[in-house]
Engineer: 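Structure below; questions to follow.
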Amino acid sequence: MKNIILSIVFLLIGSVAMIGQNDKVAVKVEGLGCPFCAFGLEKKVKKIKGIKDITIDMETGMMNFQIPTEKNPGLSAIDQTVSNAGYTAVEITIVKPDGTVEEANYFDSQPVEGHQEAKFFVNGKCGMCKSRIEKAALKVDGVSEASWDVKKKLLFIRYDAGIVRLEDIHKAMSDAGHDTNNSTAELATYKALPACCLYDRKSKS
Amino acid sequence: MNKYIFGLLLSILMIQIGTAQGPPITSDNPIMLSEGTVIVKTLTEVRVTDGGDFTRIPIMVHYLPTSNTLVAIHIPYIDTPHGNGLGDIEFLIKYQFLRKDFLRKTFRMVLKSKQTLPTGLYIGDPDFGIDKYQAYYSVIAGYETIKHGMSAEVGYRYISGPISDRMIGKIGFGLPLLKPLYPVNQLNLYFENTFEYALGESQMNYRFAQGIQYARKQWTYDLAVEIPVMQRIQELHDHKYSIYLGTRYIF
């Protein structure tokens, strides 16, 4: 009886603790051809109650925001909201306060002719890492597409092998502070990452 | 000879190459903002002619009931040597029938229709009022990226009464002076060309406009000067130049 009561108490405490905690949402959006496009997207997304800290990165197409867990409308509703704004969500990742990840991938953009595909492990932790990793990859001349899976810690890229070598892309990751199996970030660079992005350096693919 | 020149010009893809950082000033692009957006704007034209100054000050309200449709009403005030007061009210509808989104870029196509009602004074110039119904139908195609944009508009302007119908086409170039970022903070230069061919007269006009645009958050401010490079269509007065002054606020 005592154990049952204790279990119920802990369950209630856990539930109360979850209220007031936020889900971190990262959405990769296609179609953002101008800053006013981003304005239209933000305006539409802000209509979801409870949303805060919206940021939109024009170069990576990443939109990040936070929303209380109990108010999160879910993957489908977020996708529909982006569509109602006039754009296309190709990846949605929701990181819960307890670390669990929900994601949906609607990726259907066409490969660039002559570009190769590759997938490799890049260490990171969150939606901010995703934005940083993808931005760093896209900055490398010859890379046409970059998408990092938060849960699996895998970076998917399309690149022109005639312009860039895969090792250079690995190096770009470590220069941004994210370890790969082939390239390790300098300690100072790693430590300069925001606190929430300090991933476990011991974990590998 | 003019027909061939016009045909050649029309056969060139009438591209308005812009930075895609803001809406063009004297022409149009197929980018639509999100469902439920309301835009209030104005673009005053002061047209200096050999018969005096003709001013058109429209208040324009645009609304997007869905992310791919737009309806608008334009209510102008005109001030001319032939009279001043309410001008011809216009109703605009746009429908985006094609959208292909990619990372940092998009391709879109829009159908556009503008109906001009004879609500204003008779001025004698179709841009300022002829007491006749007018209609404009066009197709706009655009490819926009965060570094540059291209859009093409080809249109037909129906003018009831004795004044000739027109074929309209535009070519423009945009130059961003700042890196495209969000939140919006943009400074752009525009170089826009307008071709107009009067079907009944087989004559054409060509005007060139240079403009500067500043956009910050929800506000956009435009200033442009337009000069007629070729003026062969029979007009009320010879057009010397026009000054455009505009502002836009997005709700």
Side-chain angles (χ1 to χ4, degrees), chain A residues 27-48 54-65 79-91 106-112 115 131 134-135 137-139 143-148 156-158, chain B residues 18-24 29-39 64-70 96 99-108 142-151 174 176 178-188 213 215-220 248-251:
Chain A
V27 185
K28 188 164 196 171
V29 181
E30 289 188 343
L32 292 175
C34 63
F36 279 109
C37 302
F39 169 80
L41 175 63
E42 181 182 6
K43 184 172 163 292
K44 193 69 190 170
V45 168
K46 265 184 174 170
K47 289 190 174 170
I48 301 175
I54 300 178
T55 59
I56 298 174
D57 188 314
M58 297 290 304
E59 293 214 18
T60 60
M62 289 304 302
M63 175 176 63
N64 290 282
F65 59 86
D79 175 50
Q80 188 59 47
T81 300
V82 173
S83 181
N84 288 346
Y87 306 100
T88 306
V90 291
E91 287 175 27
Y106 309 99
F107 194 77
D108 68 348
S109 65
Q110 298 304 308
V112 177
H115 282 212
S131 189
E134 290 175 356
K135 203 169 189 172
L138 287 168
K139 271 190 180 167
V143 174
S144 60
E145 204 88 52
S147 178
W148 187 69
F156 166 82
I157 50 166
R158 286 194 179 119
Chain B
T19 62
Q21 307 314 320
N29 72 12
I31 296 296
M32 289 194 184
L33 301 181
S34 68
E35 171 190 86
T37 298
V38 175
I39 303 162
L64 282 87
T66 68
S67 60
N68 62 349
T69 54
L70 179 147
Q96 182 186 94
R99 184 184 103 198
K100 284 285 185 187
D101 288 337
F102 308 91
L103 183 63
R104 296 175 292 191
K105 50 192 162 226
T106 185
F107 175 77
R108 304 195 177 196
Y143 178 69
E144 307 251 345
T145 79
I146 62 170
K147 290 185 181 173
H148 57 265
M150 299 165 58
S151 63
L178 300 173
K179 188 179 173 183
L181 293 172
Y182 184 75
V184 178
N185 187 28
Q186 295 295 301
L187 187 63
N188 308 308
Q213 178 185 81
R216 179 149 174 86
K217 293 188 179 177
Q218 288 150 265
W219 287 97
T220 306
R248 180 180 87 154
Y249 185 80
I250 305 172
F251 289 91

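Keep in mind that what you see is a predicted model, and the values were worked out from it rather than measured. Chain A is the first sequence line, chain B the second, and so forth, proteins listed ahead of strands; every chain is numbered from 1.
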Engineer: Check each atom of A/Ile56 against the heavy atoms of chain B and say whether the ones under 4.5 Å are side chain, backbone, both or neither.
Structural biologist: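 Answer is both: backbone and side chain atoms of A/Ile56 are under 4.5 Å from chain B.
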Engineer: Which atoms of B/Thr66 are under 4.5 Å from chain A, going by heavy atoms: the side chain, the backbone, both sets, or neither?
Structural biologist: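 For B/Thr66, there is no contact with chain A at all, as no heavy atom is under 4.5 Å.
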Engineer: Which pair of non-hydrogen atoms, one from B/Lys217 and one from A/Phe36, has the smallest distance, and what is that distance?
Structural biologist: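 Scanning both residues completely, I find the closest heavy atoms to be O-CE2, 3.7 Å.
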Engineer: Tell me the closest heavy-atom pair linking A/Pro35 and B/Tyr182, and the distance in Å.
Structural biologist: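 Scanning both residues completely, I find the closest heavy atoms to be O-CD1, 3.4 Å.
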Engineer: What part of B/Ile250 lies closer than 4.5 angstrom to a heavy atom of chain A: side chain, backbone, both or neither?
Structural biologist: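 Both backbone and side chain.
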Engineer: Side chain, backbone, both or neither: which part of A/Thr55 has an atom under 4.5 Å from a heavy atom of chain B?
Structural biologist: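 Neither; nothing under 4.5 Å.
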Engineer: Using 0.5 Å steps for rounding, measure from the CG atom of B/Leu103 to the CD atom of A/Glu134.
Structural biologist: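 Reported value, rounded in 0.5 Å steps: 8.5 Å.
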Engineer: Can you name the closest pair of heavy atoms from B/Ser67 and A/Ser83 and give their distance?
Structural biologist: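 That would be OG-O, 3.7 Å.
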Engineer: Compare every heavy atom of A/Tyr87 with every heavy atom of B/Met32, then report the nearest pair and how far apart it is.
Structural biologist: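 Residues B/Met32 and A/Tyr87, closest heavy atoms: O-OH, 3.9 Å.
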Engineer: As an exercise, state the distance from CG of B/Leu33 to NZ of A/Lys44, rounded to the nearest 0.5 Å.
Structural biologist: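 Taking CG in B/Leu33 and NZ in A/Lys44, the distance rounds to 12.5 Å.
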Engineer: For residues B/Arg104 and A/Leu138, report the shortest heavy-atom separation together with the two atoms involved.
Structural biologist: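 The answer is NH2-CD2, 4.0 Å.
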Engineer: Where on B/Phe251 is there a heavy atom nearer than 4.5 Å to chain A: the side chain, the backbone, both, or neither?
Structural biologist: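 Contact with chain A is through the backbone of B/Phe251 alone.
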Engineer: Out of curiosity, A/Asn84 CG to B/Ser34 OG, how far, rounded to the nearest 0.5 Å?
Structural biologist: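 So the gap between those two atoms works out to 9.0 Å.
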Engineer: So which atom in A/Lys43 and which in B/Gly36 form the shortest heavy-atom distance, rounded to 0.1 Å?
Structural biologist: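 Where A/Lys43 meets B/Gly36 most closely, the heavy atoms are NZ-O, 3.7 Å.
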